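The figures here come from the full heavy-atom set of this structure, side chains too, leaving out hydrogens, waters and symmetry mates. Counting convention: from 1, in listed order, for ligands and their atoms alike. Just so it is clear, the model here is predicted, and its values are computed rather than measured.
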Amino acid sequence: MKSERAPDGDAAHGSRFDPVNPYWETFLDDAGLDMTGARGNGCYIETPDGRVLLDCLAGFGTANLGHAHAPLLARFAHALQHTSVNVFPFECAQSQLALASKLLALSGQRFQKVFFATTGAEAVESAVKFAMTATARTDVVAFHGSFHGLSMFSSFMTGNPFWTEALPWKPGNVHHVDAASFAALEDLLSSRKVAAVVFEPVAGSSSAQHWTARTSARLAALCRSTGTKLIADEVYCGLGRTGSWFGFDAIGMDGTTGGAVPDMVAVSKGLTGGLVPLSAVLMNDGDFDAVFGAPGKAKVQGSTFGGNRLAMQCGLIVLELVESGRLVENAAAMGELIARSWRNASARA
Ligand SMILES: Cc1ncc(COP(=O)(O)O)c(C=O)c1O
């Protein structure tokens with residue numbers, strides 16, 4: 001399915017994707033990824049030319065129930081029939097309450113508030129705004145190799161210059177360190193200018209590198225001792241993917257061994273099974289009140305579609321289906337199976 005001419009510079013115009021992104025044509029053709037007309041079916045993608053592909057990316061982490069999950073589609077179709085207004089504050093409070101309560105229950109009530117946003121990047125940026133407001137500090141630390149999204153500030157938190165090198169500006173308040181380099185981290189945090197450290201318990205990109213119980217406890221202790229908020233970006237690794245509901249639990253950062261859990265956790269992707277955009281930040285009362293607790297400050301963060309009813313209902317349906325299908329336990333079992341197969345294969349090699 002090669003295109004007849006390479007969409008290169010001006011020549012790109014005239015490609016079948018012209019109004020959206022003409023450069024896709026060669027990229028998709030070269031990668032054999034033209035999925036026009038493809039159908040999702042569980043963990044498979046069925047292409048119009050008869051190929052059945054195993055979607056190892058699970059819809060970039062969104063399809064935690066699989067593609068075209070019939071019970072999800074049926075229940076969401078039912079939610080679509082409601083005639084109540086979809087955006088806040090018209091009838092959203094009830095659906096927000098239901099989903100927030102569910103998320104807090106899944107976290108074992110280790111957080112008390114949920115702030116809803118739309119994308120993963122927006123959730124991470126929202127968490128940073130809460131941290132900056134709560135600490136009255138200006139700076140943020142993230143890690144080399146991390147990915148936090150591509151909105152303006154999240155691009156600069158992302159620890160790979162590939163995503164920002166084309167931009168002629170960068171903020172002066174974002175610092176990157178190596179996850180292995182506590183000395184650099186201690187140095188930065190001792191300045192007491194850092195509002196938040198943002199980390200991925202298990203990296204969505206960067207070969208799924210993960211923190212350990214020991215290194216994450218040290219990270220949390222350092223944040224506590226310097227009054228720095230610790231934000232777990234679980235946009236990719238959260239909500240069951242690691243075999244635990246939260247990635248920080250999967251790495252043993254469960255607060256039971258003297259260590260602390262993160263101050264805030266951002267989740268998205270699998271929250272609505274890939275149907276509608278939704279993200280959420282779990283946090284404690286104190287950090288929430290820093291933004292919403294005082295009259296006149298309540299507009300510091302929010303968006304038109306943040307917490308919209310359809311997204312709330314979809315999120316609740318997905319979490320219930322993941323729970324009733326015991327999919328978190330299944331992820332743990334599958335992870336163990338894969339790890340065991342690798343161990344056996346490398347022992348044989
Ligand atoms: C860890 C992590 N954080 C943030 C994001 C950004 O999410 P979104 O693309 O929904 O803005 C991603 C997206 O892949 C991610 O993997």
- request: Kindly work out whether a path of hydrophobic side-chain contacts (I/L/V/M/F/W/Y, heavy atoms less than 4.5 Å apart) joins Phe147 to Phe199.
  value: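 Hydrophobic grouping puts Phe147 apart from Phe199.
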Practice problem: State plainly whether the residues Glu122 and Lys129 are in salt-bridge range, i.e. N to O under 4.0 Å. | Solution: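 Not counted as a salt bridge, because no side-chain N and carboxylate O are separated by less than 4.0 Å.
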Using only atom types and a distance under 3.5 Å, with no angle test, would you say the side chain of [X] pairs donor to acceptor with the backbone of [Y]?
X	Y	result
Asn64	Gly270	yes
Asn308	Val87	no
Glu234	Val267	no

Tell me, which protein residue and heavy-atom name are nearest [atom], and how many Å apart are they?
atom	value
atom 8 (P) of ligand 1	Gly120 N, 3.5 Å
atom 3 (N) of ligand 1	Asp233 OD2, 2.7 Å
atom 2 (C) of ligand 1	Phe147 O, 3.3 Å

Numbering the atoms of ligand 1 from 1, which are under 4.0 Å from a heavy atom of [X]?
X	value
His148	3 (N), 4 (C), 5 (C)
Glu200	1 (C)
Val235	2 (C), 3 (N), 4 (C), 5 (C), 7 (O), 12 (C), 15 (C)
Tyr236	16 (O)

ask   = Would you call the rings of Phe17 and Trp24 parallel, tilted or perpendicular, where under 30° means parallel and over 60° means perpendicular?
value =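 Judged by the thresholds at 30° and 60°, the geometry between Phe17 and Trp24 is perpendicular.
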Worksheet item: Gln313 and Ser95: side-chain donor and acceptor closer than 3.5 Å?
Response: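 Looking only at side-chain atoms, Ser95 and Gln313 do not form any donor-acceptor pair under 3.5 Å.
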Please report whether ligand 1 has a polar contact with [X], defined as an N or O pair separated by less than 3.5 Å (distance criterion only).
X	answer
Lys269	yes
Glu122	no
Ala121	yes

Best match, Cys237, Ala232, Gly149, Gly204: closest heavy atom to atom 6 (C) of ligand 1: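 It is Gly149 that holds the nearest heavy atom.
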Review point. Would a 4.5 Å heavy-atom cut-off, applied to side chains only, mark Val197 and Leu188 as touching?
Key: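 SC-SC contact between Val197 and Leu188 ruled out.
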Original post:
Counting only heavy atoms on the protein side, is anything nearer than 4.0 Å to atom 10 (O) of ligand 1?
Top reply: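 There is a protein heavy atom less than 4.0 Å from atom 10 (O) of ligand 1.
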